Asker: 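Below is the structure I would like to discuss, written out as structure tokens.
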Amino acid sequence: MHFPAGNFYCRYDECSLKHMSSLMGTRQQKAAEDGERGLIGPPSGDVLHQDAPPTRFVYVLAFFSALGGFLFGYDTGVVSGAMLLLKREMSLSALWQELLVSSTVGAAALSALSGGSLNGRLGRRVCILVASCIFSVGGIVLSVAPDKVVLLVGRIIVGLGIGIASMTVPVYIAEVSPPHLRGQLVTINSLFITGGQFIASVVDGAFSYLRRDGWRYMLGLSVVPAVVQFIGFIFLPESPRWLLQKGRTQEARQVLSRIRGDQSIEEEYDTIRTSIEEEATEASGGGLVVWRILSYAPTRRALIVGCGLQMFQQLSGINTVMYYSATILQMAGVRDVKRAIWLAAATSATNFVFTLVGVWLVERVGRRKLTLGSLLGTALSLALLAIGFLLSAQNSPPVTLHPVDAQNSTCRLYGSCEGCMLDPNCGFCYRENGSTLYNSSCVPVNAASTDQAAWGRCSNQTEAAHSPAWAYNYCPTSYSWVVLLGLILYLAFFAPGMGTMPWTVNSEIYPLWARSTGNACSAGVNWICNVLVSLTFLHVAEFLTYYGAFFLYTGLAVLGLLFVLGCLPETQGLQLEDIENLFTGPLCSCGALSPRGRRHVHYIRNGSDPGPERYGAMDSDGAITYITLR
Ligand SMILES: O[C@H]1[C@H](O)[C@@H](O)[C@H](O)[C@@H](O)[C@H]1O
């Protein structure tokens with residue numbers, strides 16, 4: 001059987017549906033398939049048309065909202081460089097350093113979770129305005145902070161902004177984008193996140209040369225994009241979908257036609273309106289939205305998929321790898337702190353560049369394939385990282401000197417560098433001659449600064465060539481290249497798919513009534529798992545060693561792969577209002593319902609609900625998904 005796909009013909013089961021959906025709207029494509037099979041005819045007057053080009057305005061909207069992603073990336077990324085200076089100037093203890101880093105992520109988790117109702121009640125635009133205000137206030141507080149308590153307050157304020165932005169921005173972009181570009185535009189937000197992390201590392205590098213107060217500039221600079229976003233959003237419109245949901249139909253129509261330019265908005269407007277009417281029945285149960293999501297099967301399944309993706313994003317260790325990159329570089333022989341800062345900037349640049357690959361791929365290969373490929377590569381590179389750490393541990397340099405002063409500390413117990421570096425109270429002090437290591441000892445670390453030992457040869461670290469080297473948290477090894485290769489491959493695979501798709505997919509899988517809450521829950525899961533992984537990493541490493549920890553992440557990434565394989569449907573090209581139908585089958589048969597899959601899908605008239613515009617899509621196992629055709 002043949003039917004037209006653009007200007008050539010192909011067999012139904014060989015035809016690239018991607019090609020077709022890029023040439024015609026999904027609904028028209030389905031209608032064409034149905035018509036060809038003799039089941040139904042395409043609705044009269046329906047013209048198969050190419051996806052109309054997007055207006056410039058939609059890009060302006062995506063840019064200004066994605067500044068929220070930039071701030072998310074900047075504020076989470078800048079702290080590591082600022083901390084190097086802060087701990088010197090404010091003599092911060094390890095506990096305070098930990099507090100200043102995790103308070104932001106903890107506050108982000110709380111505000112993402114509570115942002116759902118704010119988002120539903122006040123609208124996406126107001127939430128973005130609120131988030132940019134919070135970012136500005138946080139940036140100002142941080143840059144003028146006289147002591148560590150005010151710093152902590154500033155970090156918490158910034159975290160509140162990050163939480164709201166992380167759950168609102170993808171939803172806003174998804175709701176204003178045309179279906180064929182939605183994936184790409186929402187993924188731009190992830191590009192801005194990694195871009196923010198990259199710029200933060202460059203700013204960290206640049207201001208690390210200042211003798212005093214460099215951290216004030218690092219932390220305070222976030223005010224600039226926050227103010228730009230605030231001013232921009234004073235003039236930018238609310239999401240037309242939210243307006244329609246609130247019954248502000250005139251405004252919704254105006255905004256939609258402003259965003260779509262010359263194109264006719266009637267079809268899109270009617271689809272959104274009909275779907276809101278239908279949703280009114282679905283969501284009519286009353287009570288908490290989260291409860292309604294959980295008690296309605298399709299939204300419950302969507303929530304499981306959304307939260308699962310966010311959980312596996314964090315459990316596959318991205319923030320540990322990013323955080324640990326400086327140490328990996330030290331293992332590779334970079335001793336100079338300034339050089340390590342600049343090389344850490346190279347790590348975040350790699351993350352950024354490969355996110356760009358994700359933006360390019362998302363509308364070409366689709367969300368599902370991109371996520372699967374990414375997770376497979378992520379798991380393999382995590383295994384390579386683990387093997388690198390294992391080889392380093394097995395060839396760990398021995399401790400040759402046992403200073404008498406160390407008799408009272410646990411550090412004297414270790415016979416090699418491996419045990420010594422896994423103990424947070426000890427560090428490895430040694431001399432080297434070319435590749436030969438000699439005169440090595442395991443001694444207590446200075447409680448005020450892990451950059452040097454508490455006493456002895458390594459207690460006064462200078463960069464002079466003849467001074468002994470001090471390794472805290474890592475061991476010198478000749479296998480560092482394996483770890484370095486693992487790091488680069490990890491970022492290359494993780495960034496385009498697992499770094500981006502959890503945010504993109506979450507912005508599109510929930511029906512309008514559940515969208516704010518669904519995104520709030522999944523973003524909350526992301527931030528909670530982020531805190532969990534970062535806070536437990538050192539303990540896990542102490543318990544399982546570094547290679548054990550990375551083998552554990554490998555296992556988690558493999559679990560994630562199985563989850564995605566079974567549960568993530570393809571949402572590419574579908575209008576937001578149709579996506580809910582992908583979740584009507586049993587959980588984790590979603591793959592089989594993928595409209596982009598190569599299974600035979602027959603479209604039949606829905607016998608039980610003979611509305612003129614309702615059709616059922618039946619997969620080869622007999623499961624029926626209903627779609628609304630207008
Ligand atoms: O999508 C982002 C991105 O991958 C970042 O690099 C990472 O730090 C965040 O935790 C993640 O949510």
Side-chain angles (χ1 to χ4, degrees), residues 66 68-81 101-102 104-109 112 158-159 162-170 173 183 186-201 306-326 344-359 362 367 370-371 374-375 377-378 381-382 487-488 490-507 519 522-535 537 553 556-557 560:
F70 180 88
L71 286 158
F72 157 177
Y74 186 88
D75 281 317
T76 48
V78 78
V79 70
S80 55
V101 177
S102 358
T104 306
V105 186
V158 160
I162 296 180
I164 298 180
S166 69
M167 57 119 343
T168 309
V169 171
I173 303 183
V186 180
T187 309
I188 285 182
N189 183 52
S190 300
L191 184 70
F192 273 51
I193 298 177
T194 52
Q197 290 174 330
F198 169 54
I199 299 290
S201 57
C307 292
L309 278 175
Q310 292 288 21
M311 180 179 87
F312 284 115
Q313 179 192 69
Q314 292 301 319
L315 296 190
S316 40
I318 174 65
N319 290 305
T320 305
V321 173
M322 294 271 283
Y323 158 80
Y324 204 61
S325 67
T347 310
S348 41
T350 314
N351 194 19
F352 172 69
V353 169
F354 284 99
T355 311
L356 201 63
V357 175
V359 174
V362 61
R367 287 63 159 156
L370 185 56
T371 315
S374 163
L375 258 174
T378 300
S381 7
L382 279 168
L487 172 75
I488 294 167
Y490 176 91
L491 291 171
F493 280 110
F494 179 90
M498 273 316 272
T500 56
M501 288 307 107
W503 298 110
T504 304
V505 169
N506 267 288
S507 71
N519 274 276
S522 61
V525 167
N526 179 295
W527 290 110
I528 291 169
C529 294
N530 187 334
V531 187
L532 210 78
V533 173
S534 356
L535 283 187
F537 175 68
Y553 294 144
L556 292 169

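Just so you know, ligand 1 is whichever comes first in the structure, and atom 1 is the first atom listed for that ligand. In this text the structure is predicted, and so the values were computed from the model without any measurement.
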Asker: Can you name the closest pair of heavy atoms from L382 and A557 and give their distance?
Answerer: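 For L382 versus A557, the nearest heavy atoms are CD1-CB, 4.1 Å.
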
Asker: At a 4.0 Å threshold, what atoms of ligand 1 neighbour a non-hydrogen atom of N351?
Answerer: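 Once the distances to N351 are compared, the set is 6 (O).
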
Asker: Which residue supplies the protein heavy atom nearest to atom 11 (C) of ligand 1, what is that atom called, and how far is it?
Answerer: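 Looking only at protein heavy atoms, the one closest to atom 11 (C) of ligand 1 is Q313 OE1, 3.4 Å.
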
Asker: May I ask you to check whether T504 and T187 show a side-chain donor-acceptor distance below 3.5 Å?
Answerer: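 Indeed, the side chains of T504 and T187 share at least one donor-acceptor pair under 3.5 Å.
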
Asker: Can you list the atoms of ligand 1 that are under 4.0 Å from a heavy atom of F494?
Answerer: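 Near F494, the atoms of ligand 1 are 4 (O).
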
Asker: Report yes if some N/O of T500 lies less than 3.5 Å from some N/O of ligand 1; otherwise report no.
Answerer: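 T500 vs ligand 1: no N/O contact under 3.5 Å.
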
Asker: Looking only at distance, does G499 have an N or O less than 3.5 Å from an N or O of ligand 1?
Answerer: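 Yes, there is a polar N/O contact under 3.5 Å.
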
Asker: Can you sort out which atoms of ligand 1 are near W503, meaning under 4.0 Å from one of its heavy atoms?
Answerer: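 Within the 4.0 Å cut-off of W503, ligand 1 contributes 1 (O), 2 (C), 12 (O).
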
Asker: Aromatic rings F537 and Y553: how do their planes relate, parallel, tilted or perpendicular, breaks at 30° and 60°?
Answerer: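 Aromatic pair F537/Y553 classed parallel.
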
Asker: Distance under 4.0 Å to a non-hydrogen atom of Q197: what atoms of ligand 1 satisfy this?
Answerer: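 The list of qualifying atoms is 5 (C), 6 (O), 7 (C), 8 (O).
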
Asker: Please state whether the rings of F192 and F70 are parallel, tilted or perpendicular, taking 30° and 60° as the class boundaries.
Answerer: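 Because their plane-to-plane angle is over 60°, the rings of F192 and F70 count as perpendicular.
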
Asker: If you measure from CZ on F494 to CG on L375, what distance do you get to the nearest 0.5 Å?
Answerer: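 It is 8.5 Å, given to the nearest 0.5 Å.
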
Asker: With no hydrogens and no angle check, is any side-chain donor or acceptor of T194 less than 3.5 Å from a backbone partner on L191?
Answerer: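 Between the backbone of L191 and the side chain of T194 there is a qualifying donor-acceptor contact (under 3.5 Å).
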
Asker: Relative to ligand 1, is N526 under 4.0 angstrom through side chain, backbone, both or neither, heavy atoms considered?
Answerer: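 Looking at N526 and ligand 1, just side chain atoms fall under 4.0 Å.
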
Asker: How far is atom 7 (C) of ligand 1 from its nearest protein heavy atom, and which residue and atom name does that atom have?
Answerer: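 Among all protein heavy atoms, the one nearest atom 7 (C) of ligand 1 is N319 OD1, 3.6 Å.
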
Asker: State, without any angle test, whether S201 and S348 hold a side-chain donor-acceptor pair at a distance under 3.5 Å.
Answerer: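 Side-chain D/A pair, S201 to S348: present.
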
Asker: For ligand 1, is there an atom lying under 4.0 Å from some heavy atom of Q314?
Answerer: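 The answer is yes: ligand 1 sits under 4.0 Å from a heavy atom of Q314.
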
